[in-house]
Structures are given as structure tokens and as C-alpha cells.
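A note on names: the letters A, B, ... follow the listed sequences, proteins ahead of strands, and every chain is numbered from 1.
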There are 2 protein chains.
Amino acid sequence: MRLTTKGRYAVTAMLDLAIHANDAPVPLAEISQRQGISLSYLEQLFSRLRRQGLVDSARGPGGGYRLARPASEIAVVHVINAIDENVNVTRCGGQADCQDGDPCLTHDLWCDLSNQIHEFLSSISLQQLVERRTVREVAARQDSRQQTIKYKAAGTERDFAVSS
Amino acid sequence: MRLTTKGRYAVTAMLDLAIHANDAPVPLAEISQRQGISLSYLEQLFSRLRRQGLVDSARGPGGGYRLARPASEIAVVHVINAIDENVNVTRCGGQADCQDGDPCLTHDLWCDLSNQIHEFLSSISLQQLVERRTVREVAARQDSRQQTIKYKAAGTERDFAVSS
DNA sequence: AAAATACTTGACCATTTTAGTTGGATAAAG
DNA sequence: CTTTATCCAACTAAAATGGTCAAGTATTTT
């Protein structure tokens, strides 16, 4: 099963994009700050997401990334697939040749599980996540924290508790 | 998500045990042959399975392992848990402190997925697997192949196609 | 045109995990 | 007392993970 930090980061970043998709493209530096993901790592991920047609990019000042489709038409599984993590828990990748060219004893079991996971992640769109109360709460917290960091960076004297 | 070869091997070995559980305990050497898993690796796995109370062991000639409970009372998820692979896909292991002590944006999503997987693997017992037609077919093939290997080892002249 | 901003690409790397191996100790059966 | 089998503890090569670093390319603002 390939579902690691990489895939989770990609989904998190795409969700951040969906949340902040109002008008202007979102630069990766902002996502990096809000989500605590290193900028260069995000660049790697978005390179793939763009090649897979999930996001559009805009260069230059004021540039950044945008969702290529409405959030309601992007399922979580699309993001994970784009990032090259397939949701298959079989050893053979579904080839049924796990044991010397023949299926192993538990081949079907892992196939069934893979299908379960795939269906589940297909059934959830970014839009649905955006609408969740818990997601909105976390996003609000992240936005305010980011704001305080901006103030701090600007050299304001006011003391906003940043990470306590 | 921790669901790798280790967990798959453990489930496969336990299923082999369930299939060949008639009277005598099953030695790991047989499972090793049938399932193509190295003996010493199996020993590691069964050490855990025994400590977790899923199997009973008998030493000495004629010894081996037995299921500690009826196959109908052992779910796949028990085996995977015993082997120390937890079916949790969150980064924080469900602690909800994925981002500096607070839940990350996608925390709930991964929790939901973890629950899905857990429920699925809880709903399937070794007994149910034993009764599957495909499993019985694979087991029959493995048994006959093992038989030919035994003949070969005994120095019989007859040529049984072993792995072609 | 210059500077600033942002994306692109590829190489690199430390750490952890995986999937075992090696080597032996212990126990029971014959 | 030898064989068969489990038990146990180190050790390890290779792969994957989760990034960083450096150098460059493209675009827009001023």
C-alpha cells in the first residue's frame, strides 16, 4: 500500500488550494507556511499535479497555482494517483502473479481491500472536504496564525502568540 | 499506512495454518515451502503471533504451530495488529497533533479512511477465507506442488513439472 | 531593461524500514 | 544422544522515505 506522507501532503496542499481559491492564484510559499510543508518538496509535488492536469500554474509576481477543475470534480483518489501513489495493497499490483506466476493464497483478499479503499477515496471530493466544519476550523486557525507571522515579519511590535 | 509484505506474509501464513489444521501441528518448514516465505522470517512472525496469543506452539519432532482459537474467531485485522502493523493512515497515529500539536487539515479524512479499512479487515475471518473457492484452488495447487517437491527430494525418477 | 517573483529540474542525502540472514540455544521425541 | 523442531538475538544489504540544495527558466512589474 502506497499511502505515505507524500500522498497526504499532496491532498493537504490541494485542499489548501481549494480553500483559498477565490480569485488570485495561490503561491506555494503560502501553502508551505500554512501547512508546514517545505517549499521545495511542494514544488516536486505540484510539478506532478500540474503534469496530471489537476492544477494550472501562473508565473511571475502575483502568480501561483489554481485548481484546474472545480473542487467538486476532484476526488481525493485523483490527487493520490497523480502523485504516483497507487492505492493497491497487493504485492503483485493486481497482476495475480504474486507467487511464481500464480496468485498467492491471499491475493483476492488484498484485491478486495484495494477496491474498498479506492471506492472510499473516489467518493470524497475536495469540495466536500472544504464544506466540513472541522476542516473550516482548522483552516481558520491556520489563516490567523499565518497572519501573525506576516505581522511579525513586517516588524510590528505587537506580540501575537505564534505557535504556543 | 502500515500494510506491507510483513503483514501480508503473516495473514498468508495464518491462512495456511487454518487450511492445514486437521490434527497435527503444522511446522513452519512446511508453510515456508508452500508459501515461499523464508523459514527464519516466518520464525520472527510467529514469535509475535504466539506472544499475542493467536497461535500455540509445540516443540520437538512432530511439533509446529496450531491456531489458538477457531478460525472463525480470528479476523484478518487481528493478525495484522499482532504483527505490529497498525491500519492507521494518519500521520499522528490518531493523536490529532499532526501539525505542531494541532490536527492537520486532512486529519479527519485519514481517520475516516483508517476506520473503513479497520472495519473491512475486522469483518473477514480466517474461516471465511478458507471457505472461498479461489482460496481452496490456490491451496490445492500449492499442496500438489509441495508433494512433487517431496517426491523430487526423495529421489524419485518420475518427472513432475514443478514450477513451469 | 532590470529586478523581483515564482516555477522547473535534477542531483543529492540522512534516516528509517524492509526483508531478510546468521548463529546458536532449548526442548521433546524416538 | 541424535534428530527435529521451536525460540531468540544480533546483524545487514537494499530500498524507500522525506526531504534539501543548487542552478536555472519564465514572467511580470516597475
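Between Phe46(A) and Pro61(A), the residue anchored closer to the 5' end of DNA chain C is Pro61(A), taking for each the nucleotide with the nearest heavy atom.
Evaluation of atom-type donor-acceptor distances gives a pair under 3.5 Å for the side chain of Gln44(A) against the base of dT20(D). One N or O donor and one acceptor, one from the side chain of Glu43(B) and one from the base of dC7(D), sit under 3.5 Å apart.
Rounded to whole angstrom, the span from the CD1 atom of Ile83(B) across to the C1' atom of dA19(C) amounts to 13 Å. Remark: P of dT4(D) and CD of Gln33(B) are 14 Å apart, rounded to the nearest angstrom. Rounded to an integer number of Å, the gap from CG of Leu49(B) to P of dC8(D) is 14 Å. A straight line from CZ of Arg48(A) to C1' of dG18(D) spans 13 Å, rounded to a whole angstrom. Rounding to whole angstrom units, CG of residue Leu42(B) and P of dA5(D) are separated by 14 Å. One atom, OH of Tyr41(A), and another, P of dT8(C), lie 17 Å apart when rounded to the nearest Å. As rounded to whole Å, 14 Å separates atom C1' of dT17(C) from atom CZ of Arg8(B).
The side chain of Leu28(B) lies closest to dT6(D), out of dT22(C), dT6(D), dT8(C). Here the side chain of Ser40(B) is nearest to one of dC8(D), dT6(D), dT22(C), namely dT22(C). The side chain of Tyr65(A) sits closest to dC7(C) out of dC7(C), dG19(D), dA19(C). Which of dG19(D), dT9(C), dT6(D) sits closest to the side chain of Pro27(B) comes down to dT6(D). In the set dG20(C), dC7(D), dT8(C), the nucleotide with an atom closest to the side chain of Tyr9(B) is dG20(C). The listed nucleotides are dT9(C), dC7(D), dC8(D); the one nearest the side chain of Arg51(B) is dC8(D).
No side-chain donor-acceptor contact under 3.5 Å links Ser125(A) and Ser72(A).
Between Asp143(A) and Arg34(A) there is a side-chain heavy-atom pair separated by less than 4.5 Å.
Atom CZ of Arg69(B) is surrounded by more than 12 heavy atoms from other residues, nucleotides or ligands within 6.0 Å.
Between Asp102(A) and Arg141(B) there is a salt bridge, with a side-chain nitrogen of the basic residue lying less than 4.0 Å from a carboxylate oxygen of the acidic one. Salt bridge status for Glu137(A) with Arg133(A): present, with a side-chain N to carboxylate O gap under 4.0 Å.
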